[in-house]
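Residue numbering restarts at 1 for every chain, and letters A, B, ... go by the order of the sequence lines.
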2 protein chains.
Amino acid sequence: MKKEPPQKYASKIFKKHNHNACFNDSMKAFQKHCVQKNLKLTPLRSKVFEFLLRDHQPLGAYQILDMLRDSGFASTPPIAYRVLDFLIEQGFAHKIKRLNAFVACSHPGSTHSPTFMICRKCDKVAEIDEKDSGIDLKKATSFDFKVEEAVIEFIGLCTSCVTVEAT
Amino acid sequence: MKKEPPQKYASKIFKKHNHNACFNDSMKAFQKHCVQKNLKLTPLRSKVFEFLLRDHQPLGAYQILDMLRDSGFASTPPIAYRVLDFLIEQGFAHKIKRLNAFVACSHPGSTHSPTFMICRKCDKVAEIDEKDSGIDLKKATSFDFKVEEAVIEFIGLCTSCVTVEAT
DNA sequence: AGATGTATGTTATATTATAACAAGGAGATA
DNA sequence: TATCTCCTTGTTATAATATAACATACATCT
């Protein structure tokens, strides 16, 4: 049996994965986090996180508001923005500047400066580990500037869309 | 006479520099570019570029509109956004997502994926060379994703503001 | 029950950006 | 010179994103 060659993967998001498990694990991690930090995991918060987990598609605040309305929640802008702020603060969501949209964090738990790959065709977003991104934050902190945080978003094509475009 | 040790500089923007020369060189480069590409360097375009060059401060579209009004130009939103689009397309300006603001490009001429250092205290922005940024775009293009463009913005403190905060 | 703190709801408005169409002016050409 | 074409600028209206400020509800502790 041949050994697999080492490969670099942007993230599971662009690949098939066991989404049920993925969803459940994330939800459980969120629940656990809230219990540990004595934060309230309310129906509203839970619902919004669920939307974000649903299919890893980034969602705009106003899309989320529509979904909340459909689910019987109040749906004025502050409702969504507050929950999103909460999720971001707790490290379970990120904002994609490029899209003015929000995604569930792919590896929550520790605060980190996320790096995203955004497909310009299907708008799917993959969050990748800093170590795989070709970025060395220490190297970026220079004589003249103390780096505290980084916004890193790569725009391009995911495997599926590359294939389609090549046709 | 001792040799200076090699140092890394984020950019001239955070340092003293001959701003008159800097301003004039940029303006001339822009003029030259327009002649070569047979584009019209109109008073409006020239004025907006001048604002951006003024002191390297990122400017919001509506700030630019105010400045245009003060200079006797028309000042409805499309006026500013169109000129800014023009400058960006021609490679003489960039948009800073973090600030929803625009800056003159520090090394125009060739198209490039700029990397910025944004001081969270004074909002000054330095554009740095990719090679100094600790980022390897080739490394970022992986099996799963074809990188075409990158948005890279470091947030932190510039030398002056670090000093102030340490006090 | 009352006090406190946090979450949610509501109203209004700020900020950023674009669509769609009209008018003006420079240069080419008949 | 007239008019055609192309590009720039001007105008009106509105879309999209986000926050401020304040009111109400609800849980938990006492």
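- Looking at residues two or more places apart in sequence or on another chain, you find a salt bridge (Lys or Arg N to Asp or Glu O under 4.0 Å) between A:K121 and A:E165.
- As rounded to whole Å, 10 Å separates atom P of C:dA7 from atom CD of A:E89.
- For residues 39-59 of chain B, the salt bridge (Lys or Arg N to Asp or Glu O under 4.0 Å) pairs, not counting sequence neighbours, are B:K47-B:E50, B:E50-B:R54.
- Taking atom CG on B:L84 and atom P on D:dT9, their separation rounds to 12 Å, with Å as the unit.
- Between B:F116 and B:H94, the ring-plane angle classifies as perpendicular under the 30° and 60° cut-offs.
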Restricting both atoms to N or O, compile the protein contacts to nucleotides 22-25 of chain C shorter than 3.5 Å, with distance only.
none

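- Take B:N20 and apply the side chain to side chain contact (heavy atoms under 4.5 Å, CB included) test, not counting sequence neighbours, and it matches B:N18.
- Residues meeting the ring pair (Phe, Tyr, Trp, His ring centres under 6.0 Å) test with A:F102, sequence neighbours left out: none.
- Sorted by first and then second residue, the salt bridge (Lys or Arg N to Asp or Glu O under 4.0 Å) pairs involving residues 95-104 of chain B (not counting sequence neighbours) are A:E149-B:R98.
- Looking at A:T159, its side chain does come within 3.5 Å of a backbone N or O of B:D144 through a donor-acceptor pair.
- Going from atom CZ of B:F73 over to atom P of D:dT9 covers 9 Å, rounded to whole Å.
- Evaluation of the side chain to side chain contact (heavy atoms under 4.5 Å, CB included) rule for B:D123 yields B:Q57, B:L99 as partners, not counting sequence neighbours.
- Checked against salt bridge (Lys or Arg N to Asp or Glu O under 4.0 Å), A:D66 has the following partners two or more places apart in sequence or in another chain: A:R69.
- We find that CD1 of A:I79 is positioned 16 Å from P of D:dA18, with the value rounded to whole Å.
- The list of ring pair (Phe, Tyr, Trp, His ring centres under 6.0 Å) pairs with a residue in residues 35-54 of chain A, not counting sequence neighbours, reads A:F30-A:F49, A:F49-A:F92.
- Regarding A:L65, its CG atom lies at a distance of 15 Å from the C1' atom of C:dT11, rounded to whole Å.
- Distance CG (A:L68) to P (C:dT10): 13 Å, rounded to an integer number of Å.
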Between the protein and nucleotides 13-18 of chain C, which nitrogen or oxygen pairs are less than 3.5 angstrom apart?
from: C:dA17; atom 1: OP1; to: B:K95; atom 2: NZ; distance (Å): 2.1
from: C:dA17; atom 1: OP2; to: B:Y81; atom 2: OH; distance (Å): 3.0
from: C:dA17; atom 1: O5'; to: B:Y81; atom 2: OH; distance (Å): 3.4
from: C:dA17; atom 1: N7; to: B:Y62; atom 2: OH; distance (Å): 2.6
from: C:dA17; atom 1: N6; to: B:Y62; atom 2: OH; distance (Å): 3.2

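- Applying the side chain to side chain donor-acceptor pair (under 3.5 Å) test to B:Q63 and every residue at least two apart in sequence or in another chain returns nothing.
- Rounded to whole Å, atom P of D:dT17 lies 14 Å from atom CZ of A:R98.
- Rounded to whole Å, atom C1' of D:dT28 lies 11 Å from atom CG of A:N38.
- Taken residue by residue, residues 43-51 of chain A places heavy atoms nearer than 4.0 Å to DNA chain C at A:L44, A:R45.
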